[in-house]
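Numbering of residues begins at 1 and proceeds along the displayed sequence. All heavy atoms count here, side chains included; hydrogens, waters and symmetry mates do not. We count ligands from 1, going down the list as the structure has it; atoms in each ligand are counted the same way.
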Amino acid sequence: MVKFDKIHAIEILDSRGNPTLMTKVYLSDGTVGIAKVPSGASTGVNEAVELRDGGTRYGGKGVLQAVENVNGPLFAAVRSVDPLDLHAVDAALIAADASKSKSKFGANAILSISMATAVAAAQHLEMPLFKFIRTQVLKKPEKYLVPVPLSNVINGGAHAGNDLAIQEFKILPVGAGGIREAIQMLSEVYHTLGKNMIAKYGRMAKHVGDEGGFCGFGLKSTQDAFEEMVRAISDAGYTPGDDVVLGIDAAASGFYSDGMYSIDGKKLSAGELLDFYVDLEKTYPLKSVEDPFDEAAFSEFAEYTKKTKIQVITDDLTVSNPDIVRKAVEMKAGNALLLKVNQIGSVTEAIEAAKIANAADWPIVVSHRSGETGDTFIADLSVALSTGQIKTGAPARSDRVEKYNRLLEIYDILNGDCGYPGHDFRTAWRNY
Ligand code: PGA
Ligand code: ZN
């Protein structure tokens, strides 16, 4: 039986130049799994704890303690566990930490082992990672759905230095026949958007934000951003609302204070903000809204979900935490779940959150963080879970593009024998 041989972590940098962990899991047969951990900027208050060293090194953001925790106590906790049994590995890591929010050893430390073990186990079994998760962890038959990307082409909020309150303006290539055409469409619309905005606002518009989307220089309002997206889709030769639809991540906690939401130079009540979203839906082909209200506003999420027919994704509200997802599902506070493995700190707990959401007929959107690395785990996770949706930034900058490239590679590994949800991005997962 294969065993853990060694686990070794080091401190590396993420896409914002902040420290994070790279962990290597060595198995007794010589196979190695590598994982690099992402990091958010607009983090939810209920996320598992990302352990940082404090002090002056890297402005307090060093992860040397987390590295030591991986190499010492966490390795000790799993060394006699079967590395092919990811549930058992995660359970041992969670038990060793024993805190509710993984604050003792750090969710970043724990997750790095969880991910790298899955990668090593897949290597050992000589199968691609998505197949390992699908057949060995989920124990589901092989039938694959490659997701529609929700691609963030204009960055605002905490991810860019501009006047846009809304954090992410996304395009969804639902009219594509498959992932290859979808990515081509993303790239074409993205470049058209850039050219249009440079022509209108000047060279500063070329700059990009944390997720590779344009920084929105010159854009003064939410409406300006929507107009530019619709124009870019048309100018690239596609039909807005048919070939490409729109999404946003408001990440509304970022512009919420004292009961009011500051957006486009106004202060709106929750009710007024709800009307604002409904108006956007009427004016533009907006089909997906994430975190429309503050991260504690379960009732407002529920009210909006009741009123609208479009996708209402919970992210900061639910932080991929099974218990909180259960609460949101019960309250009907949303109708889709954003899944970020580092919010909860282990792969199998994230899968549990996904199962709870799916059981309530909520689709899943597997997501990157604004601070990323070249790690492509989430592309495989999305295919393994057949979520039908992935959010991994603009088709630019290698921290984002690597995930798109992995989806193209997965398509190739499958010889094209996989579905693409297209317009059915919210429901196709039910058949997989
Ligand atoms: P974050 O942003 O990684 O900075 O939290 C992504 C998101 O809010 O979805
Ligand atoms: Zn979000």
Side-chain angles (χ1 to χ4, degrees), residues 14-18 20 36-50 52 61 107-108 111 147 149-162 164-172 208-213 215 246-256 261 277 288-297 301 304 311-321 324-325 328 333-345 350 353 357 362-373 375 377-378 381-382 387 389-394 397 399-400 403:
D14 70 17
S15 56
R16 278 192 281 252
N18 292 322
T20 188
K36 300 173 199 160
V37 176
S39 173
S42 64
T43 47
V45 283
N46 292 317
E47 291 193 22
V49 172
E50 192 177 64
R52 300 275 177 193
K61 293 192 162 149
N108 43 355
L111 177 67
L150 288 74
S151 183
N152 175 10
V153 290
I154 299 175
N155 294 181
H159 297 162
N162 60 23
L164 301 173
I166 287 177
Q167 180 176 282
E168 300 170 17
F169 294 86
K170 301 181 276 196
I171 55 173
L172 287 68
V208 298
D210 285 357
E211 296 185 347
C215 70
L246 304 178
I248 53 171
D249 178 3
S253 300
F255 55 95
Y256 174 77
Y261 294 89
Y277 294 130
S288 179
V289 171
E290 180 181 332
D291 279 351
F293 300 99
D294 178 61
E295 61 195 322
F301 269 75
Y304 180 39
Q311 178 163 266
V312 181
I313 307 175
T314 65
D315 170 18
D316 291 348
L317 187 81
T318 38
V319 293
S320 307
N321 182 313
I324 308 177
V325 173
N335 57 32
L337 176 72
L338 201 81
L339 195 69
K340 293 166 165 167
V341 281
N342 86 319
Q343 281 180 325
I344 184 71
W362 287 28
I364 309 297
V365 184
V366 165
S367 172
H368 67 162
R369 298 308 304 248
S370 53
E372 266 293 335
T373 70
D375 193 286
F377 192 95
I378 60 164
L381 182 65
S382 176
T387 61
Q389 300 183 68
I390 191 169
K391 173 172 113 157
T392 187
R397 302 297 186 260
D399 39 307
R400 314 297 144 184
K403 280 74 162 174

Notebook entry, point to check: Are any non-hydrogen side-chain atoms of Tyr261 and Asp294 less than 4.5 angstrom apart?
Noted result: yes
Check: Can you find a pair of side-chain heavy atoms, one from Leu246 and one from Ile171, that are under 4.5 Å apart?
Finding: yes
Item checked: Modelled atom types, side-chain donor and acceptor of Arg52 and Ser39, under 3.5 Å -> yes
Next item on the list: Tell me yes or no: between the side chains of Glu295 and Asn46, is some donor less than 3.5 Å from an acceptor?
Entry: no
Next item on the list: Pick out which of Arg397, Arg16, His159 makes a side-chain hydrogen bond (donor to acceptor under 3.5 Å, both in side chains) with Asp210.
Entry: Arg16
Note to self: With a 4.0 Å heavy-atom cut-off, what residues sit around ligand 1?
What the structure shows: Gly40, Ala41, Ser42, His159, Gln167, Glu168, Glu211, Asp249, Glu290, Asp315, Leu338, Lys340, Arg369, Ser370, Lys391
Check: Residues in side-chain hydrogen bond (donor to acceptor under 3.5 Å, both in side chains) with Glu290, at least two apart?
Finding: Lys170, Lys391
Checklist line | Residue list, side-chain hydrogen bond (donor to acceptor under 3.5 Å, both in side chains) with Asp291, at least two apart or on another chain | finding: none
Checklist line | Protein N, O or S atoms lying under 2.8 Å from the Zn ion (ligand 2), listed by chain and number | finding: Asp249 OD2, Glu290 OE2, Asp315 OD2
Note to self: Can you give me the closest heavy-atom contact between Phe293 and Phe301, atom names plus distance?
What the structure shows: O-CE1, 3.4 Å
Note to self: Looking at every heavy atom in both Leu150 and Val365, which two are closest together, and how far apart are they?
What the structure shows: CD1-CG1, 4.2 Å
